[in-house]
Every structure is written in C-alpha cells, then in structure tokens.
Amino acid sequence: MTDGLDEAAPRRIRPLWTVLTLVVLLLITCGVPAAVLTAAIREPAGRAVVQRADPTAGDPARDARDFAARIAAVLNRQSAALLAGDLAGFLAVAEPSAHTDLRRRFTALRALGVTTWRTEVTGLPTAIGDRPGEWRMLVRFQYCFAVPNCRPSPVLAGTRWRDDAGQPRLVAVEESKSAETGTRPWEVSELAVATGARTSVATTPALRGKLPALLTQAEAAAKVADRYAVAGSPPDRYRIYYAGPAEWERWYGGGRPKWTGGYAVTVGGGHHEMVINADGATAAGLDDLLRHELTHAASLPEQGYPGRSTWWLVEGLAEYAGAGGQPVSRYQGMAQVRELVRGGWNGRLDDLAPADDAPAARVAGSYGLGYLAVRHLVDRFGEQRLLAFVAAVLHDRTPPEQAAAEVFGESWSALHGQCVAYIRTLAA
C-alpha cells in the first residue's frame with residue numbers, strides 16, 4: 001500500500017449541516033499523493049542499519065538478528081496470552097512503565113472479540129539515540145475480530161525494547177500512525193463494545209449508553225448493505241466505531257472536513273472499518289448514514305476505487321442504499337441538487353467529486369447528483385445489472401464505455417446523457 005486519498009462524501013443536509021459522510025479509500029494505481037501523517041510509518045525499503053552501544057562486542061549484524069529473533073519469541077508468547085484472555089501473561093513481557101497502556105489495549109482487543117492476533121518482526125532492531133539501552137523494532141500486527149479464521153487486517157507499528165541480560169523487555173508499543181490509514185481506535189482508546197449477528201459497534205465508556213440503540217440500527221443497516229455486496233459474499237462482519245469529539249480528531253488520523261458525519265476506511269484483509277461522528281449524526285439521520293457507510297464496506301474493492309472520475313458511482317450507490325427505498329421525491333438532498341444544477345453544473349458525472357473545503361451545500365448537491373444517476377440506472381435496468389456495472393467499473397477497472405456496452409447493451413455516452421437529462425428534469 002502506497003498512496004492514499006481522503007474523498008469527501010456527504011450524506012444529507014439537515015439543520016446545522018449535519019449527517020454527512022466521508023469515505024476514505026486507498027488509490028493504489030492513481031498516483032495521488034498520500035496525506036502523510038506526522039511520524040508516519042511505511043514499510044522499510046531494506047534492512048535497518050544497526051548500531052551497538054559496545055562496538056567491540058561480537059558481530060553487530062549477527063547480534064541484531066539474534067535479538068530480533070528473541071523479540072519475535074516474546075511477542076509470540078504475548079499473542080498467545082491475549083488470545084487466551086491471560087492479562088498477567090500479556091503484561092509479563094513488559095516493563096511496569098508500559099503496563100497501563102498495554103492493559104488498555106488488552107481490554108479493548110478482548111472487548112472487540114479478537115480471534116486472531118499474529119505478530120511479525122520487520123527488519124532489524126535499531127538503537128534509539130536519545131534513549132541509551134533501548135532499541136526500536138518495527139512489528140506487523142495482524143488481527144481478526146469476532147470472526148474466526150478471517151483474512152486478518154495488518155497494522156505496522158514501532159515497538160521499543162530493553163535488553164535485560166539477553167532477555168528483551170517491552171518498553172512501549174507506539175501508535176501506528178500509518179500513512180495509509182492512521183491510528184486504529186483500539187490502539188489509543190478505552191472501548192465499550194456491543195456485538196450482534198452482523199455488526200460490532202464500539203465507542204468510549206462515556207458513550208456506552210448509546211450502544212444498545214446503535215447496535216439495533218447497525219444490524220438493520222447490515223441487512224440492507226448485504227444486498228449490495230459486489231464481489232462474492234458480503235463482509236464477514238461490519239466494524240463500526242462511534243467517536244466522541246476527541247476520538248473523532250484522533251482515530252484514523254483525524255483531519256476530516258468539518259461537514260463530515262462519518263466515513264469508511266480500508267484496513268486490509270478485505271475489511272473496511274466505519275467511524276460515525278457522535279456530534280455530526282442526528283438521531284433522525286443515523287439510519288440512512290449507517291446504511292450508506294455499510295454499503296461502502298459491502299460494495300467497494302479492497303484496493304480502493306479507480307479514481308475521482310468514478311466518485312459519482314461509489315457515492316451514488318451508497319446514497320441509493322441509504323435512501324432505504326423511499327421515493328425520489330422524499331430524498332432530502334433535493335434542495336441542494338437544484339441549487340447545484342441551477343448554479344451552473346457542467347453536466348459531467350465524472351467531475352462531481354467535491355473538494356474537502358467545498359461548502360456543505362455543494363457537497364450535498366454532489367451526493368444527490370450521484371444518487372439520482374444511480375437511481376435512473378436502477379429504474380431502467382434493475383439493481384442486479386447496476387451491481388454488475390459497479391463490479392466492472394470499480395472492481396475490474398473496466399472503462400465505463402466498455403462496461404456499459406457489456407452490462408447494459410448501450411453506449412455509455414448515451415446512458416450518461418440520459419442520466420443528466422433525468423437529473424435536470426427533476427431539478428427544474
């Protein structure tokens with residue numbers, strides 16, 4: 001994974017411009033620069049340069065490899081303790097100064113229902129110049145939640161160690177601060193979790209009282225989103241985090257546009273994780289927001305979608321699912337659609353993606369245009385052929401011109417013109 005892009009994705013305009021959503025997708029082939037976070041971690045290009053406190057003692061490279069192997073063995077013991085629910089064993093490998101952070105991580109991961117936890121050391125340990133006697137080791141953690149034997153999601157993080165007479169002692173596990181996805185909630189926050197048949201919903205202890213209602217709404221949304229699974233089966237589980245103000249600015253790197261009410265982020269292993277802004281989602285709009293976000297998880301390719309030119313299709317499908325089958329006349333973004341169309345929209349679906357600093361009305365109008373284009377295609381061809389078109393364009397990266405001919409039996413230029421005419425008629 002190299003390049004990442006935050007794509008704006010508002011859901012609805014309601015009083016105080018609430019209930020809007022953002023989808024964060026990895027663009028592997030588009031060459032879009034990543035929004036690199038402070039101290040972002042990337043995979044090492046080669047083996048680390050090893051420094052030793054005592055340059056006369058043995059072969060530095062061999063000793064570093066030996067120390068890395070001992071660290072790997074310690075991490076394996078710690079992983080076994082986590083999966084066994086053994087807090088004492090989980091903490092036993094670490095210095096007392098690390099216990100508070102590790103205890104919180106252990107509790108959060110157990111609450112999330114961790115079923116797989118594997119560790120892999122990456123490269124060689126390096127001496128930390130301003131911390132005599134400490135070494136830094138990059139570790140790839142791989143995890144599954146609630147579902148046994150899933151394809152695990154990876155996260156790369158730095159760990160710090162002290163050599164205690166040849167025995168590695170864990171000093172700290174750093175936040176991952178991944179350039180692609182940012183820090184996971186379970187790395188930095190205490191979590192309360194509710195689990196249903198298809199979803200897991202997590203939040204902070206302060207918002208624990210919201211969990212029963214959130215789980216009920218998430219389970220209902222999952223039944224809708226499952227219908228829009230594009231590549232094979234629906235996700236094994238939908239992972240949803242409900243963020244208070246502080247968490248919203250910290251989880252997955254924060255920094256979302258002000259109008260954002262929620263987003264989905266790819267985390268590897270074919271999984272997406274969704275975050276809902278507790279301050280941005282009204283009770284009345286949470287159902288369609290959840291349907292929208294979970295549909296992203298069900299419909300999107302794991303490597304990200306092809307680029308901004310297909311944004312209308314990505315968000316249009318999620319808006320269609322979020323609308324919950326209501327008539328077009330009841331779509332709550334129609335006022336903003338009319339404003340955008342009458343304000344000089346250029347009539348191009350491939351140019352709908354709004355900038356992060358776009359006004360909220362412009363954002364909502366863009367989502368509405370995507371929704372109406374998808375709605376027109378569904379009305380003409382049905383949901384299954386629309387999903388076949390989504391699979392071809394987003395998953396197989398087939399050009400729309402070719403995909404339209406293969407799926408709909410018509411030219412894309414003609415269909416595009418019909419979608420635009422449909423939108424302009426409704427906005428008149």
Side-chain angles (χ1 to χ4, degrees), residues 1-2 39-106 109-110 114-144 151-180 183-184 186-188 268-269:
M1 298 180 183
T2 55
I41 292 176
R42 293 188 182 278
E43 293 284 352
R47 301 183 73 81
V49 177
V50 179
Q51 303 174 16
R52 289 183 56 86
D54 179 5
T56 66
D59 180 344
R62 182 195 63 205
D63 291 349
R65 289 193 296 270
D66 290 345
F67 194 50
R70 292 197 296 272
I71 289 174
V74 169
L75 288 171
N76 286 338
R77 293 200 304 273
Q78 189 183 49
S79 298
L82 172 64
L83 294 174
D86 177 9
L87 175 59
F90 188 79
L91 299 178
V93 304
E95 297 285 84
S97 60
H99 285 187
T100 298
D101 176 65
L102 290 176
R103 184 178 291 106
R104 179 188 44 71
R105 287 175 180 252
F106 178 94
L109 290 168
R110 294 294 301 179
V114 60
T115 57
T116 296
W117 187 263
R118 295 199 293 266
T119 57
E120 176 189 356
V121 297
T122 301
L124 293 177
T126 57
I128 302 175
D130 59 349
R131 293 176 177 269
E134 287 191 17
W135 300 74
R136 189 169 187 267
M137 182 85 243
L138 281 178
V139 177
R140 183 181 294 104
F141 300 93
Q142 298 188 70
Y143 62 92
C144 292
R151 286 180 56 201
S153 300
V155 57
L156 188 69
T159 59
R160 300 205 307 270
W161 299 83
R162 183 173 64 81
D163 188 350
D164 183 8
Q167 178 63 33
R169 296 286 296 169
L170 181 60
V171 175
V173 180
E174 301 170 358
E175 296 178 24
S176 61
K177 295 184 179 178
S178 164
E180 283 76 34
T183 303
R184 271 56 164 189
W186 49 264
E187 294 184 81
V188 294

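Residue indices begin at 1 and follow the sequence shown. These values consider heavy atoms only, across backbone and side chains, with no hydrogens, waters or symmetry-generated copies.
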Return the minimal non-hydrogen interatomic distance between Gln142 and Pro152, and the atom names on each side.
OE1-CG, 3.6 Å
Between Glu120 and Val139, is there a side-chain heavy-atom distance shorter than 4.5 Å?
no
Could you tell me which non-hydrogen atom of Ser153 sits nearest to which non-hydrogen atom of Gly268, and how far apart they are?
OG-O, 3.0 Å
For the pair Thr159 (side chain) and Met137 (backbone), establish whether a donor and an acceptor sit closer than 3.5 Å, ignoring hydrogens and angles.
yes
Does Trp161 reach the side chain of Leu170, with side-chain heavy atoms less than 4.5 Å apart?
yes
Given side chains that start at C-beta, do those of Arg140 and Val121 come closer than 4.5 Å, heavy atoms only?
no
Are Pro168 and Phe67 close enough that some pair of their side-chain heavy atoms sits under 4.5 Å apart?
yes
Please name the pair of heavy atoms, one in Leu82 and one in Leu109, separated by the smallest distance, quoted to 0.1 Å.
CD2-CD1, 3.9 Å
Return each pair, listed once, that meets side chain to side chain donor-acceptor pair (under 3.5 Å) where at least one residue sits in residues 78-97; pairs must be two or more places apart or across chains.
Glu95-Arg162, Glu95-Arg169
Could you give the distance from CD1 (Ile71) to CG (Asn76), rounded to the nearest 0.5 Å?
12.0 Å
Do Glu175 and Arg184 meet the salt-bridge criterion of a basic N to acidic O distance under 4.0 Å?
no
Measure the CZ-CG distance between Arg105 and Asp101 for me, rounded to the nearest 0.5 Å.
5.0 Å
Would you compute the distance between atom CZ of Arg160 and atom CD of Glu134 and round it to the nearest 0.5 angstrom?
5.5 Å
In Å, rounded to the nearest 0.5 Å, how long is the span from CG of Leu87 to CG of Leu102?
9.5 Å
How would you list, by chain and number, every residue that makes a ring pair (Phe, Tyr, Trp, His ring centres under 6.0 Å) with Tyr143, sequence neighbours excluded?
Phe145, Trp186
Closest heavy-atom pair and its distance - Gly89, Ala81:
C-CB, 3.6 Å
If only side-chain N and O atoms count, and only distance matters, is there a donor-acceptor pair under 3.5 Å linking Thr119 with Trp117?
no
Spacing of CD belonging to Glu174 relative to CG belonging to Leu138, to within rounding of 0.5 Å
8.0 Å
Say whether, by atom type as modelled, one donor and one acceptor occur between the side chain of Arg118 and the main chain of Phe141 under 3.5 angstrom.
no
Can you find a side-chain donor-acceptor pair between Glu187 and Ser176 that sits under 3.5 Å?
yes
